[in-house]
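Just so it is clear, the values below take in all heavy atoms, side chains as well, and ignore hydrogens, waters and symmetry mates. Lettering follows sequence order; numbering is per chain, from 1. It should be emphasised that the depicted structure is a prediction, and the values quoted were computed from it without experimental measurement.
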2 protein chains.
Amino acid sequence: MNATPQPGDEAAAQAANSRLVRDFGLLIKSATRLEQRIDTELRRTCGISHTMLEVLIRLCRRPGEEVSQRDLADDLTLTSSGTTRLIDRMEEAGLVDRVPSPADRRVTLVETTSHGRTVFLRAAAVHAEVVEKHFVEPLSADDYQRLTAALGRIDTALRDDV
Amino acid sequence: MNATPQPGDEAAAQAANSRLVRDFGLLIKSATRLEQRIDTELRRTCGISHTMLEVLIRLCRRPGEEVSQRDLADDLTLTSSGTTRLIDRMEEAGLVDRVPSPADRRVTLVETTSHGRTVFLRAAAVHAEVVEKHFVEPLSADDYQRLTAALGRIDTALRDDV
DNA sequence: TCTCAGAGATTGAGCGAGCAGCAATTGATT
DNA sequence: AATCAATTGCTGCTCGCTCAATCTCTGAGA
């Protein structure tokens with residue numbers, strides 16, 4: 001608190017300290033920290049990234065369902081090129097296989113390998129442990145329920161708007 | 001729903017459909033989408049990234065306060081090297097200045113330029129607009145209040161744990 | 001006073017994602 | 001049957017961040 005005051009300081013300080021700015025910063029920071037925590041834990045214990053786990057979750061959700069790279073890109077909020085290279089790495093690691101779609105020769109379907117499912121089960125346990133500890137535990141059951149409901153509304157609003 | 005069933009499918013499906021996994025996925029997805037939305041809007045209208053805005057927010061919060069790169073790194077959840085290059089770009093863009101600390105010759109203090117404060121005020125308005133629309137509006141006042149309180153608890157829990 | 005572990009900032013190498021542009025494929029229109 | 005816009009996945013390029021190594025500087029203990 002010793003520098004010489006600059007013109008515009010007060011207005012800037014007011015904007016920087018607004019309620020909205022602080023609250024939103026909190027959301028981003030919490031989510032970032034949580035994701036980083038999970039990512040490093042997954043890399044350490046299972047050798048996969050958080051993004052890869054998200055892919056495995058999507059692929060295992062409905063066994064037998066055909067999932068294309070486009071589906072994955074949409075669900076993970078990635079571009080098609082990002083998805084291409086992500087699946088490249090996962091195929092390289094033996095977690096998934098690429099299978100040409102019988103119905104449409106433009107699309108490639110992605111399937112888990114048995115090794116991918118093994119890794120997934122282990123990773124899901126680690127994931128659950130971290131989430132339980134840092135996401136569920138700090139909240140009361142009621143707060144947790146309300147929080148997830150609120151997030152759901154935000155997400156659908158974002159999706160609808162485009 | 002036509003592929004041949006694989007061993008381990010049921011266990012994997014159960015893990016992939018667990019309550020915890022879905023809820024946490026929602027948190028990450030909402031935060032990611034929201035941040036992307038703000039980032040592209042800021043780039044379009046003000047020519048800065050969301051991360052740069054976070055820096056400006058931090059620098060303007062308490063006028064006259066000395067803020068080092070290390071402080072910024074901690075507050076933004078970045079590494080020191082990431083911060084170095086971020087400040088490089090912001091200095092290049094004329095948004096901030098680097099000033100050696102008089103008290104400790106290892107540390108570099110970061111200060112906003114008057115141009116930086118001008119851009120900040122404009123960016124803060126854009127920021128507020130997007131946040132208002134996609135974060136505050138979908139929620140009732142009560143839900144919003146509870147949501148931010150819950151995020152605060154999660155954040156402090158994450159910070160304390162290390 | 002000297003030493004030395006540790007902190008802050010920087011640099012080089014590498015990774016993961018986006019953007020723009022491409023070829024192959026599809027489905028609808030004429 | 002021929003054409004053409006739209007879709008899917010892939011590739012070259014760039015950006016922003018991390019990790020590891022390095023340098024300078026600080027502060028505490030022998």
Give a yes/no on whether any side-chain N or O of [X] is located under 4.0 angstrom from OP1 or OP2 of [N].
{"X": "A/Arg105", "N": "D/dT8", "result": "no"}
{"X": "B/Gln36", "N": "C/dA17", "result": "no"}
{"X": "B/Arg70", "N": "C/dA7", "result": "no"}
{"X": "B/Arg85", "N": "C/dT11", "result": "no"}
{"X": "B/Thr84", "N": "C/dA9", "result": "no"}

Look at all strands and tell whether B/Thr51 reaches a base, only sugar-phosphate, or nothing, counting heavy atoms closer than 4.0 Å.
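If one applies the 4.0 Å heavy-atom cut-off, B/Thr51 turns out to touch the sugar-phosphate alone, with no base involved.
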Parallel, tilted or perpendicular: which one describes the rings of B/Phe135 and A/Phe24, with boundaries at 30° and 60°?
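Perpendicular.
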Is the closest side-chain donor-acceptor distance between A/Arg117 and A/Thr112 under 3.5 Å?
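The criterion, which ignores hydrogens and geometry beyond distance, is satisfied for A/Thr112 and A/Arg117.
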Please give me the minimum heavy-atom distance between B/Ser101 and B/Val107, naming the atom from each residue.
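Closest heavy-atom pair between B/Ser101 and B/Val107: CB-CG2, 3.0 Å.
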So which one's nearest nucleotide on DNA chain C is more toward 5', A/Ser80 or A/Ser49?
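It is A/Ser49, whose closest nucleotide lies nearer the 5' terminus.
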With DNA chain C as reference, determine whether A/Gly82 or B/Ile87 sits nearer its 5' end, using the nearest nucleotide of each.
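Its nearest nucleotide lies further toward 5', so the answer is B/Ile87.
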Quiz question: going by heavy-atom distance under 3.5 Å, is there a donor-acceptor pair between the base of D/dC19 and the side chain of B/Ser81?
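Indeed there is one.
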